[in-house]
Every structure is written in C-alpha cells, then in structure tokens.
Protein chains: 2
Amino acid sequence: MAAIGRLAGVSQVTVSRALSDPSKVSADTLRRIREAIDQTGFVPNALAGALVSRKSRLISALVPSITSIVYSAMVQAFGERMRAKGYQILLSETGSAPEDEEDAIMLHLSRRPDAMMLTGIHHSPKARKVLLGAGIPVVELWDVTESPIDLCVGFSHGAAGRAAADFAADAGYRRAALVHAGDERALRRKDAFAERFRQRTGQDPAEINLNAPASLGQGRLALSRLIEETGFGGGLIFCSSDLLAHGVVTEAQARGLRIPQEIGVLGFGDQEFAAHVEPALTTLSVDREALGRQAAEALLCRIEGEPIDRPIFDLGFKLVRRDSA
Amino acid sequence: MAAIGRLAGVSQVTVSRALSDPSKVSADTLRRIREAIDQTGFVPNALAGALVSRKSRLISALVPSITSIVYSAMVQAFGERMRAKGYQILLSETGSAPEDEEDAIMLHLSRRPDAMMLTGIHHSPKARKVLLGAGIPVVELWDVTESPIDLCVGFSHGAAGRAAADFAADAGYRRAALVHAGDERALRRKDAFAERFRQRTGQDPAEINLNAPASLGQGRLALSRLIEETGFGGGLIFCSSDLLAHGVVTEAQARGLRIPQEIGVLGFGDQEFAAHVEPALTTLSVDREALGRQAAEALLCRIEGEPIDRPIFDLGFKLVRRDSA
DNA sequence: TTGTAAGCGTTATCAG
DNA sequence: CTGATAACGCTTACAA
C-alpha cells in the first residue's frame, strides 16, 4: 500500500481508505490510486487487515463429507448467502470421528473466523469449551437441541423416524426393515422408527447396517442381504437416504420384485432424483437449501449484533408420498 | 503467547518455539507451556504467523460447483492429501462465468494462499496476469494444454470425444445423438465426437443441449426431447455425464425401449452408480481421485521446491464397456 | 480530505 | 536452550 501511495502521491493510509471506503477519499485521489493499483497488480493483504481489525470475513464450515449431496447442497446454499455478504468459507471435512472434528475446530479457530458452522449437535467436551471461549457465533446444523452451543438449525430425527413408522403402519404394512449407513443421526431415526413400529404393529423391523457411505451399490447390496440373511419376504423398507432407497429399488427390479406391491421403499432426503426414479420414491423431504440459508441468516444476525428471539430453528420435514410405498 | 509465557515463566518467543518446533525447547519448559495452554484454552493466531512468515498453509481451490460429485470427489482427494501435509483448503464455487472466477481469484489471493487450484484452462487475461504475478504454484485441473499458467493435470477432451465416436462406429451404430449440460469441456467432447462420427459414418448426430445442471430428471427430459423434437429412432446416445445417462436409461425403460438393442447409452465419468445401474452403464472412466491427488502432489513439489520435469500431467481416460451400449 | 502514530500477534534474526 | 528486537502490512484512533 505504501508503494501504491507513492505512485499516486498520497500516504499509505489514504490507499487503505480508498480500498475499504472509497467515499472517504476525493474523486481525483481515488482515480490516481486506482490507476496505480491497475499498473502494479497490487492485491491487498487480507491477513494483515484481519489481524488488526479483528474481522477476518472468514466463516468456517465443518461437514462430515462434501461428496454427499446432502451436505454439499446445504453448504452451497450456506456459502452463497455468505458470499453475497462478503464472507468466504473455510471448509473442512471432519469424517465421522469426534476427535477429528476437535482437531479441525482448533485448526479453524486459529484462522480467527468470524463465525463457525458445525454439523450435528454432538461434539467433544473440549470442542464445546474451546468454541464457547472463542466468542464467535456458532451454528449447529441438521439437528435440534434445547442446549445448543449457540444456535442450531435442523429438525428432530426422532420425530422423523416416528413419522415414517406411522406412515408404514397407516399404509397397512405389517412388516418392516431398516437399511442405514450407520451415521449417528440415521441411527436415531431408525431407533425411533423401530420403537414406534413395534408399538403400532407388535413387530420388530429387520435391520441392515451397511457401515459404509451411502451409494446405489450399497443399496442393492442391502436388499440382497435383507433377503438372504434375514429372510425378508415383503413389507416396508425404510432407508437412511434416497441413494440407498434407489439402490433397493434397482435391486428389487433386477430380482423381479414388484414395488410397491411386494415391497415398499421409503427414502430419506427427497434428493433431486427421488421424483424421477421409476417408480418415483416416497421419501421424507428435508429442505437442505433452507437449512443452509437459515444457518447463514442466523449467523449473520449474530455477527451484526441483531437480537435473535429463539436460537433454535426447527425446520421440520415432510413426508412426500409418491409411488414406491 | 505473552500471557502463556508469563504463566509458564518464560518469554513469548519460547512459547512460539514450543508450538512450532517442540524439539527446540527443554522438556520441562515444554511441559509448563503445555499446562498453561490447557488451563487458558489458548488458540494461536495463524493470521499473525502467516503475516510474518509469509506462509499461510492455506491452499485455495476454485471449482464450478461443489454439488456435482465430479468436482467434489476430486476436491475431496485433493484436500485429503493437502490436509495430511498440514494445509487447509479455502474453497469457492465460481459457477461457469469467467468474470466470477476472476473475482474469486482476487479474493483468494488476498488471503495469501501458498498455492492455488483452478478448474479448467480458460481464464480471463487479467486472472492469468494476476496469478503469474502472485508468484505461487498454480494447478489447472480437468484439462491439458501446452501452455498452462504453471501446472496442469487432466486429459484431452477432444481425444475423449473421438474415442467415444470410434467406439460407436466400431460397435456398428449408424446413428448417434449427443446429450449435454452445456459446460465448456462437455462441448469440446461433443464436437470431437460429432466430427469423428461424421467421418466414420457420414451421419450427423442429433443434439440436445440442456443448458442446466446435469441431473436424473434432465436426462429423462433429454431422451423425451430427442424422440419428440428430433425424431430420434435409435442409435447411440453419448451423454456428457453418467447422471444424464442414468436419466436416459430410466426414461427409456419407462417408455419400454430396450437397451442396448434399440438404443445404446454411453455415459461419462464412471461414477460410483454407473456399475450398479440396470443395465450397467458403459462409460468413459475418469479417475477423479487421481486427478485431485496428482494435483496436490504437483503443488506440494512446487511448494517444497522440488523440480518437476514436465508440468503437464495427462491422466487419460478409459472406455469401460458394460451393458448399456 | 488527508496524514501521523500506534499496534494487531506472530516469526526471524541475532545474541547470550 | 532462551531472550530481546525488529519486522510483516494493514486498520484505528487522533490530529491537521
């Protein structure tokens, strides 16, 4: 900046002002500064700016995985809103291990983000403590709790599981099976489903825990295992994601099983393809974009010091009935 | 750090050393410093460190979209390798407009990343200039060129299109159609396919430009339009992504068209589901993880000052013949 | 509207 | 092994 100032015949501070608030500088000075910048290809150092102003304009975001459309669509909406407000996103994948999340949190905090977005409401005690001490707004996503670190935006997985079980019972299914990828929130939906389904029908659902990232191939595998290992002969299959549900549908068709007559398939997420699969997937719809947008909005309020009446945002879910169940 | 030093009875500099290179500090001092850090919940300020050391340990990555598995899988592999080496990823979506990319580049550069990853080899002249001036390693992904900004890792889209056309001609297809989402690299594959197919068969392929993000629904729409608008009656359909191909397959089945007897479907990418679709997709396979890993490796070499004999990495592609064509 | 001075929290350098 | 001192490149007072 000092060099630019010399070229434009002004001091370094004036260059700083021209860049951060052009209205504070005379039109002529501004023009000369702009020229000097164009000539030299000067790029201001945001590190130095953040250091002294204590505002990094950086938001950190921690998600289990970016290859899952579930999280990437949410981060996309989150990032879009943040970018519109002049913030950049520092994104990290944390996997599913809590200790990895803790490391990632420390690393992110060292960059002094203006706010942080976390996935889920389960964090190590140290992570919680450090986050509280950082004094920045924090939003926890994909779940709701009465005791968030700061803010939370999500929905109740217990309620989602019960809604799925009620749908199954109401639709007359007497048997059910649960297919899931082993992620913590999916487990809670599954447990809630099992409990409610048992109450309603007296039957225990069969269960396949894939312990692997959800994929079409895993979904096909799940139906095969369900039939071969548990002797599943028909009923409703509640999958922890639409991708698994799509796999189950594909495998059912390959085996000549009729959907929904012989087996019903209930997905989760209402991803783009759900409506276009043949037969179209019945699924629990979650608005991932709304989740991301609302999280951004809430953080922005906190950053700008606006009051928030209730830090818990329950965005709910919707059961979308199509043709697979 | 000064406060930690006071607690541990040492100077601020010693604290800095204990953190950056524990071997430079006596065991006893280290222990006292660690204790003080645990007590206070101190998190070092990487902004200040980066400012003075001129090493931010930040790598910026620019991709068109993170919701496309094509890019997210690549970024995942890239990020994994970088994280293992102690770097963090500053990720931004640039969309497809070159001027947005230019803005994103400036913004990223202001954070003084140690290296930068770009998607594609087409950038605005100003972007090129600024990048060259930044003096950091740059890798361009998903394409190869004889004149990269610094490094490039990818494959030839022209060769891919020609390989697809040769496959079609060799397999005896006399008619072909092209379905694509309008992205620049897909257009080059398509053009190369069209030219080669014309040479080989004397026929011009029909074409559907969806001008929308690839999705299962868009793939179904594409086949409908192909049949209704162009009167497509059979032949090979070359899709710009597996997702579109999956949509075409789904729509064909819904219409009772037999694959590959009546229409052949050739995808692009070899995504996870390609092998599990019914019928399994024949596709051009691109190793996205290898792309990300190789890009990381090349940047790491540059950062560490190791010599690179040839800055152009052509990772190629493979035609995987399955059942859809 | 512009300039001066101070300082953000580190690392690098040199000395002991 | 440890400490003092000087940057790094900005923003924030405060003064002119």
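Here is the naming used below: chain letters follow the sequence lines, and residue numbers restart at 1 for every chain. A quick note: this is a predicted structure, and the numbers were derived from the prediction, not measured.
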#### Entry: For B:Glu306, all residues meeting salt bridge (charged side-chain N to carboxylate O under 4.0 Å, His left out), sequence neighbours excluded
none
### Task
May I ask you to check whether A:Asp21 and A:Ser23 show a side-chain donor-acceptor distance below 3.5 Å?
yes
### Residue B:Val13, side-chain atoms from C-beta onward, closest of C:dA12, D:dT12, C:dG9
C:dA12
### Task
From the options C:dT1, C:dA12, C:dG9, select the nucleotide whose nearest atom is closest to the side chain of B:Lys55.
C:dA12
### Task
Take atom CG of A:Leu51 and atom P of D:dT12, then tell me their distance rounded to the nearest Å.
12 Å
### Query
Rounded to the Å, how far apart are A:Leu47 CG and D:dA7 C1'?
15 Å
### Query
Is a side-chain N or O of B:Thr119 found less than 3.5 angstrom from the main chain of B:Leu62, in a donor-acceptor match?
yes
#### Entry: Contact nearer the 5' end of DNA chain D, comparing B:Thr29 with A:Met1
B:Thr29
### Task
Quickly work out the A:Arg17 CZ to D:dC14 P distance and round it to whole Å.
14 Å
### Task
Give the rounded distance in Å between these two atoms: NZ of A:Lys24 and C1' of C:dG3.
14 Å
### Task
Could you tell me the separation between the CG atom of B:Asp287 and the CZ atom of B:Phe155, rounded to the nearest 0.5 Å?
11.0 Å
### Query
Which whole-number value in Å describes the distance from A:Ile37 CD1 to D:dC10 P?
10 Å
#### Entry: Candidate nucleotides D:dT11, C:dT2, C:dT11, ranked by approach to the side chain of A:Gln12 - the nearest
D:dT11
## Note on the structure
Side-chain contact check for A:Asn45: nearest option of D:dT11, D:dG3, D:dC10 is D:dC10
### Message
Can you tell me if A:Ser16 touches the phosphate of D:dC10, counting only side-chain N or O atoms and a distance under 4.0 Å to OP1 or OP2?
### Response
no
### Message
Using OP1 and OP2 only, check whether a side-chain N or O of B:Ser26 sits under 4.0 Å from D:dT2.
### Response
yes
### Task
In whole angstrom, give the distance that lies between atom CG of A:Leu109 and atom P of C:dG9.
15 Å
### Message
Below the 4.0 Å mark, does D:dG3 have OP1 or OP2 next to a side-chain nitrogen or oxygen of B:Thr14?
### Response
yes
### Query
Tell me: CD1 of A:Ile33 to P of C:dT2, nearest whole Å?
8 Å
### Query
Can you find an N or O donor on one side and an acceptor on the other, under 3.5 Å apart, linking the side chain of A:Arg54 with the base of C:dG9?
no
### Message
Suppose the criterion is salt bridge (charged side-chain N to carboxylate O under 4.0 Å, His left out): which pairs have a residue in residues 131-142 of chain B, not counting sequence neighbours?
### Response
none
### Query
Between C:dG3 and A:Ser11, is there an OP1 or OP2 to side-chain N/O distance shorter than 4.0 Å?
yes
#### Entry: Per B:Val52 side chain, nearest of listed nucleotides D:dC8, D:dG9, C:dG3
D:dC8
### A:Arg112 (side chain) and C:dG9 (base): donor-acceptor pair under 3.5 Å
no
